[in-house]
Amino acid sequence: MNQKYPELDIDILIVRNNKILLGLLSDKWFFEGQQVYGVPGRQILFGESIGDTVRRNIKEELDCDVLSHKVISVNANYYNGHFVGIGVLVEITGEPKLLKSEDWIKWEWFDRDNLPHNLFPPTKNLLDCYLNNKFCVCE
């Protein structure tokens, strides 16, 4: 029997001084024909804890260190497969650098009241949870 299972990933929300860090994704991540903004994060590796996944991703994608992390949401995402995203609110040290230019065009800080509308679906779910103080918005 050949069964398929959803993939598990981490969606990382970084907030500093009431600003939210979003990255403009490269054209390989277009959604509905347009460029979109997303948050750092990738799949959890086998045997890796949530904290280890967060620290690895922040180091690999931004070259920053993690001061703290807190799970704030769980969302199912069906874009390009089936994923269960664990949303994590993270405090970092340092200024984000653009390390994965194949995936990201740039990093930008946005006021929480002035976020872009062109959001990658998992990022929209995570922001909805954070801004509305909900744990899950998408099943």
Side-chain angles (χ1 to χ4, degrees):
M1 180 189 258
N2 187 9
Q3 292 183 347
K4 290 187 175 187
Y5 299 94
E7 292 190 52
L8 188 61
D9 65 13
I10 295 287
D11 300 315
I12 302 170
L13 182 62
I14 300 169
V15 179
R16 182 186 286 168
N17 299 323
N18 281 328
K19 294 191 182 266
I20 295 172
L21 183 68
L22 296 174
L24 184 61
L25 286 154
S26 70
D27 58 6
K28 83 177 194 180
W29 296 98
F30 267 31
F31 177 70
E32 295 182 345
Q34 68 175 337
Q35 219 163 10
V36 291
Y37 283 91
V39 294
R42 305 283 172 151
Q43 283 80 14
I44 298 172
L45 301 178
F46 185 80
E48 192 175 48
S49 71
I50 290 171
D52 288 342
T53 302
V54 168
R55 286 184 286 277
R56 176 178 55 82
N57 277 275
I58 293 299
K59 186 54 93 174
E60 289 176 359
E61 294 192 40
L62 305 174
D63 193 28
C64 292
D65 293 313
V66 174
L67 294 174
S68 66
H69 71 281
K70 176 184 173 186
V71 173
I72 64 167
S73 68
V74 175
N75 286 293
N77 300 300
Y78 301 97
Y79 172 72
N80 204 17
H82 182 186
F83 296 86
V84 174
I86 298 173
V88 183
L89 180 63
V90 174
E91 184 181 359
I92 63 169
T93 61
E95 281 305 313
K97 297 179 183 90
L98 184 64
L99 299 181
K100 293 193 174 229
S101 58
E102 68 277 8
D103 290 325
W104 304 101
I105 303 298
K106 61 183 173 177
W107 295 106
E108 294 180 70
W109 293 100
F110 289 90
D111 289 322
R112 60 182 284 150
D113 297 325
N114 194 25
L115 296 170
H117 296 287
N118 53 326
L119 296 170
F120 197 56
T123 298
K124 182 177 182 336
N125 291 341
L126 175 60
L127 287 169
D128 284 346
C129 286
Y130 175 72
L131 296 171
N132 297 305
N133 199 28
K134 294 181 182 178
F135 192 75
C136 182
V137 295
C138 179
E139 286 193 49

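Note that the numbering runs from 1 along the sequence shown for the chain.
- Side-chain atoms of Glu61 never come within 3.5 Å of backbone atoms of Leu99 as a donor-acceptor pair (strictly under, hydrogens ignored).
- Contact detail for Lys97 and Trp107: the closest heavy-atom pair is O-NE1, 3.4 Å.
- Residues Leu62 and Leu21 meet the side-chain proximity criterion, which asks for heavy atoms closer than 4.5 Å.
- Under a hydrophobic clustering in which Ile, Leu, Val, Met, Phe, Trp and Tyr are joined whenever their side-chain heavy atoms come within less than 4.5 Å, directly or via other members, Leu89 and Tyr37 fall into the same cluster.
- A salt bridge does not link Arg42 to Asp9: none of the charged side-chain nitrogens sits closer than 4.0 Å to a carboxylate oxygen.
- Counting heavy-atom neighbours within 6.0 Å of Asp111 CG, excluding the residue itself, gives a total above 12.
- Remark: the backbone N or O of Gly85 is not paired with any side-chain donor or acceptor of Asn75 at under 3.5 angstrom.
- Linking ILVMFWY side-chain heavy atoms closer than 4.5 Å, directly or via other members, places Leu127 and Leu24 in a single hydrophobic cluster.
- Residues Val71 and Val90 are members of one and the same hydrophobic cluster, defined by side-chain heavy-atom contacts under 4.5 angstrom among Ile, Leu, Val, Met, Phe, Trp and Tyr.
- The same ILVMFWY cluster, assembled from side-chain heavy atoms under 4.5 Å apart, contains both Val74 and Ile10.
- Two residues are said to be in side-chain contact when any heavy atoms from C-beta on lie closer than 4.5 Å; Asn57 and Pro40 fail this criterion.
- Side chains of Leu131 and Leu115 form a contact here, defined as non-hydrogen atoms less than 4.5 Å apart.
- Between Ile92 and Cys64, the shortest heavy-atom distance links the atoms CD1-SG, 3.9 Å.
- With a 6.0 Å radius and a threshold of 12 heavy atoms from other residues, nucleotides or ligands, Lys59 has its NZ atom above the threshold.
- Of all the heavy atoms in Val36 and Leu119, the pair that sits closest is CB-C, 3.9 Å.
- With respect to the salt-bridge test (charged N to carboxylate O, under 4.0 angstrom), the residues Lys124 and Asp128 qualify.
- In terms of heavy-atom proximity, Trp109 sits nearest to Val15 at CZ3-C, 4.5 Å.
- Shown here for Ser26 and Glu102, the closest heavy-atom pair between the two residues is OG-O, 2.8 Å.
- Both Ile50 and Val66 are part of a single hydrophobic cluster, where members link through side-chain heavy atoms under 4.5 Å apart.
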